[in-house]
Amino acid sequence: MCRPAMILWGLFSAAAVLLTPGAAGGQTVEEYRARVEEISKLLEDLEQARLERERVRDEQLMSRLDTIRVGKVMLVTTPEHAMAIETKVRRDWQKLEPALRSDSAAKSGDEFALYYRLPYPPGPGIVEFRRSLAREIGILLAARLDPSGTFLNSLPFEPLGKQEREIIYSALATSARPVANACFLGDLVSCRSVIGLIQPPEAPLVWYEPEVPSWSAASLPSLFARQLLLDVALELGGDGTYARVSSSGRSGVEEKLSGAAGVEADTLISRWREAVLNARPKTQAVVAFEGLAALAWVLGLALLATRSSRWRSG
């Protein structure tokens, strides 16, 4: 019996108890309290029975697991779901495999463990497959890059777009914070604070004044800034960078990214700053045709004005 039906049945039973002879009239406080306790106990028993049935069902489900292995992906599910999801996993892996390809021999930490349509993970370190393989592998990569989970929730496989990069530039160029100004002028330690690699020497809000601490104003530029650092590391490292991030034995986000990119940490931060400065929005020049059109309008209006009787009088 489904949960809504059980609740309705419990309420119906409770109503039946209340509507028994003597329930409506001539009932003492003690008798009324006893009936309420009886109804509460009935509902508790129903809930416990439901939980027990779910526990037995989950145990039966977890006893018949199937494992799909595609490249570096290990997907644990039930046989009926395995048949339905395997084609999608193989298709998605073909798109991700070039980014995750490694030159070195496969290591145990390189495999991405996922589970699908199960009540709980069948083992530690396994992420639920919910939306897409790229998203879930990105979550696993982010956890390997930064176990604290403060850098990025999921490492994306698509670079930042032009608009997002312009947001970073505008936030950095217009911020009243000294740490942002110093980064804009070339101080790499301040840039590390802006990105969130080290604790800023000021208040937590780096990008904007405390008077406007909205989530979008304070968080979005930092989120984009961190993704841009990942983009720069991938550009510098080329093929295999994701795989090197995944299996890196270094500690710290900056060390892992610079190591995977094959450059010094200062070089990585410096290239990030260059990428921000290169994202400066271009001032839209007036097109020659638009200028000629505007001039034609001015001359036309001037001609009409000279034809007016006010101009001809006197």
**Q** Side chain of Glu136, backbone of Val127: donor and acceptor closer than 3.5 Å?
**A**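 Checked: no pair found.
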**Q** Would you confirm whether Arg244, through its side chain, and Lys256, through its main-chain N or O, come within 3.5 Å as a donor-acceptor pair?
**A**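 No: the side chain of Arg244 does not pair with the backbone of Lys256.
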**Q** Cys183 versus Leu172: any side-chain heavy-atom pair under 4.5 Å?
**A**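 Result yes, sub-4.5 Å side-chain heavy-atom pair found.
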**Q** Is any side-chain heavy atom of Ile198 closer than 4.5 Å to a side-chain heavy atom of Val189?
**A**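 Answer yes - side chains close enough.
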**Q** Just so I know, are the side chains of Leu228 and Pro159 near enough to count as touching, which here means a heavy-atom distance under 4.5 Å?
**A**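 Heavy-atom side-chain distance check fails, nothing below 4.5 Å.
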**Q** Are the side chains of Leu100 and Leu141 in contact, using a 4.5 Å heavy-atom criterion?
**A**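 Heavy-atom side-chain distance check passes, below 4.5 Å.
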**Q** Output the distance between atom CG (Leu234) and atom CG (Leu229), rounded to the nearest 0.5 Å.
**A**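 Interatomic distance, Leu234 CG to Leu229 CG, rounded to 0.5 Å: 9.5 Å.
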**Q** Applying side-chain hydrogen bond (donor to acceptor under 3.5 Å, both in side chains) as the test, list every pair that has at least one member in residues 181-190; sequence neighbours left out.
**A**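 Of all non-adjacent pairs touching residues 181-190, those that pass side-chain hydrogen bond (donor to acceptor under 3.5 Å, both in side chains) are Asp187-Ser190.
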**Q** Looking only at heavy atoms, what is the nearest atom pair of Leu96 and Ile137, with distance?
**A**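 Between these two residues, the closest heavy atoms are CD1-CD1, 3.9 Å.
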**Q** For the side chain of Trp93 and the backbone of Lys88, is there at least one donor-acceptor N/O pair under 3.5 Å apart?
**A**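 Such a contact is absent between Trp93 side chain and Lys88 backbone.
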**Q** Minimum heavy-atom separation for Gly138 and Phe157, please, with both atom names.
**A**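 Smallest heavy-atom distance, with atoms named: N-CE1, 4.2 Å.
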**Q** Does a side-chain heavy-atom distance below 4.5 Å link Leu257 with Phe151?
**A**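 When only atoms from C-beta onward are counted, Phe151 and Leu257 do touch, with a gap below 4.5 Å.
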**Q** Would you check if the side chain of Arg226 reaches a backbone N or O of Thr150 as a donor-acceptor pair within less than 3.5 Å?
**A**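 The answer is yes, because a donor-acceptor pair under 3.5 Å joins these two groups.
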**Q** In terms of side-chain geometry, is the basic nitrogen of Arg33 or Glu37 positioned less than 4.0 Å from the acidic oxygen of its partner?
**A**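 Here Arg33 does not pair with Glu37 in a salt bridge, since their nearest N and O are not under 4.0 Å apart.
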**Q** With rounding to the nearest 0.5 Å, note down the distance linking OH in Tyr169 to OG1 in Thr174.
**A**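 OG1 of Thr174 is found 9.5 Å from OH of Tyr169.
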**Q** Between Glu52 and Val56, is a side chain to side chain contact (heavy atoms under 4.5 Å, CB included) present by the stated rule, with each step listed?
**A** CA-CA 6 Å; Glu52 178 62 20; Val56 172; 3.7 Å; yes
**Q** Determine, for Glu38 against Arg35, whether the closest basic-nitrogen to carboxylate-oxygen distance falls under 4.0 angstrom.
**A**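 No, no charged N to carboxylate O under 4.0 Å.
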**Q** Would you list the atom pairs, donor with acceptor, under 3.5 Å between side chains in residues 114-122 and any protein atom, with sequence neighbours excluded?
**A**
none

**Q** Looking only at heavy atoms, what is the nearest atom pair of Leu152 and Ala142, with distance?
**A**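 Residues Leu152 and Ala142, closest heavy atoms: O-CB, 3.2 Å.
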**Q** Just how far is it from atom CG of Leu197 to atom CG of Leu188, taken to the nearest 0.5 Å?
**A**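 Separation between the atoms: 11.5 Å.
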**Q** Check whether more than 12 heavy atoms from other residues, nucleotides or ligands sit under 6.0 Å from atom CD of Glu59, and answer yes or no.
**A**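 Buried by this count: over 12 neighbours within 6.0 Å.
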**Q** Okay, side chain of Asp231, backbone of Leu160: is any donor-acceptor separation there less than 3.5 Å?
**A**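 At least one qualifying donor-acceptor pair exists.
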**Q** Using side chain to side chain contact (heavy atoms under 4.5 Å, CB included) as the criterion, list what pairs up with Arg64, not counting sequence neighbours.
**A**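 Once residues adjacent in sequence are excluded, the partners of Arg64 under the side chain to side chain contact (heavy atoms under 4.5 Å, CB included) criterion are Leu61, Thr78, Pro79, Glu80.
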**Q** Checking Thr67 now: which residues fulfil side chain to side chain contact (heavy atoms under 4.5 Å, CB included) with it, not counting sequence neighbours?
**A**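 By the side chain to side chain contact (heavy atoms under 4.5 Å, CB included) rule, Thr67 matches Arg69, Met74, Val76.
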**Q** Can you name the nearest heavy-atom pair linking Met62 to Leu65, along with the distance?
**A**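 In this case the closest contact between Met62 and Leu65 is O-CG, 3.2 Å.
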**Q** Specify the closest pair of heavy atoms between Val253 and Asp146, including all atoms of both residues, with the distance to one decimal.
**A**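 Heavy atoms only, the tightest pair is CG2-CB, 3.6 Å.
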**Q** Would you name the heavy atoms of Asp66 and Ala82 that are closest together and state the gap between them?
**A**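 That would be OD2-CB, 3.6 Å.
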**Q** Determine yes or no for a side-chain-to-main-chain donor-acceptor pair under 3.5 angstrom, with Ser170 supplying the side chain and Glu166 the backbone.
**A**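 Checking the backbone N and O of Glu166 against the side chain of Ser170, a donor-acceptor pair under 3.5 Å is found.
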**Q** Just verifying a value: how many Å separate Gln60 CD and Arg55 CZ, rounded to the nearest 0.5 Å?
**A**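 Result: 10.0 Å between the selected atoms.
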**Q** Quick check for you: to the nearest 0.5 Å, what is the distance between Leu133 atom CG and Asp92 atom CG?
**A**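 Reported to 0.5 Å precision, the distance equals 5.5 Å.
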**Q** If you apply the rule side chain to side chain contact (heavy atoms under 4.5 Å, CB included), what do you find for Leu145 with Tyr242, and how did you get there?
**A** CA-CA 10 Å; Leu145 176 64; Tyr242 266 117; over 6 Å; no
**Q** Report yes if the side chains of Arg192 and Ile269 come closer than 4.5 Å at any heavy-atom pair, otherwise no.
**A**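 The answer is yes; the side chains approach within 4.5 Å.
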**Q** Is there side-chain contact between Leu277 and Arg273, with heavy atoms separated by less than 4.5 Å?
**A**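 Touching, per the 4.5 Å side-chain cut-off.
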**Q** First locate atom CD1 of Ile195, then atom CZ of Phe224, and finally report the distance between them rounded to the nearest 0.5 Å.
**A**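 It is 15.0 Å, given to the nearest 0.5 Å.
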**Q** Verify, without hydrogens or angle tests, whether Ser270 (side chain) and Asp266 (backbone) share a donor-acceptor contact under 3.5 angstrom.
**A**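 Side chain of Ser270 to backbone of Asp266: no pair is present.
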**Q** Give a yes or no answer on whether the side chain of Glu97 reaches the backbone of Gln94 with a donor-acceptor pair at less than 3.5 Å.
**A**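 Not confirmed, Glu97 side chain does not pair with Gln94 backbone.
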**Q** Report yes or no: does Glu164 contribute a side-chain atom to a donor-acceptor pair with the main-chain N or O of Gly161 at less than 3.5 Å?
**A**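 Checked: pair present.
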**Q** Would you call Lys41-Glu44 a salt bridge at under 4.0 Å N-O?
**A**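 The answer is no: the pair does not qualify as a salt bridge.
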**Q** Taking the side chain from Lys72 and the backbone from Ala113, do they hold a donor-acceptor pair closer than 3.5 Å?
**A**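 Judged by distance alone, no pair lies under 3.5 Å.
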**Q** Identify, with sequence neighbours excluded, every residue that meets salt bridge (charged side-chain N to carboxylate O under 4.0 Å, His left out) alongside Glu255.
**A**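 Counting only residues at least two positions away or on another chain, Glu255 forms no salt bridge (charged side-chain N to carboxylate O under 4.0 Å, His left out).
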**Q** In chain order, what residues pass the side chain to side chain contact (heavy atoms under 4.5 Å, CB included) check against Arg135, with sequence neighbours excluded?
**A**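 By the side chain to side chain contact (heavy atoms under 4.5 Å, CB included) rule, Arg135 matches Arg131, Ser132, Ile139, Ser154.
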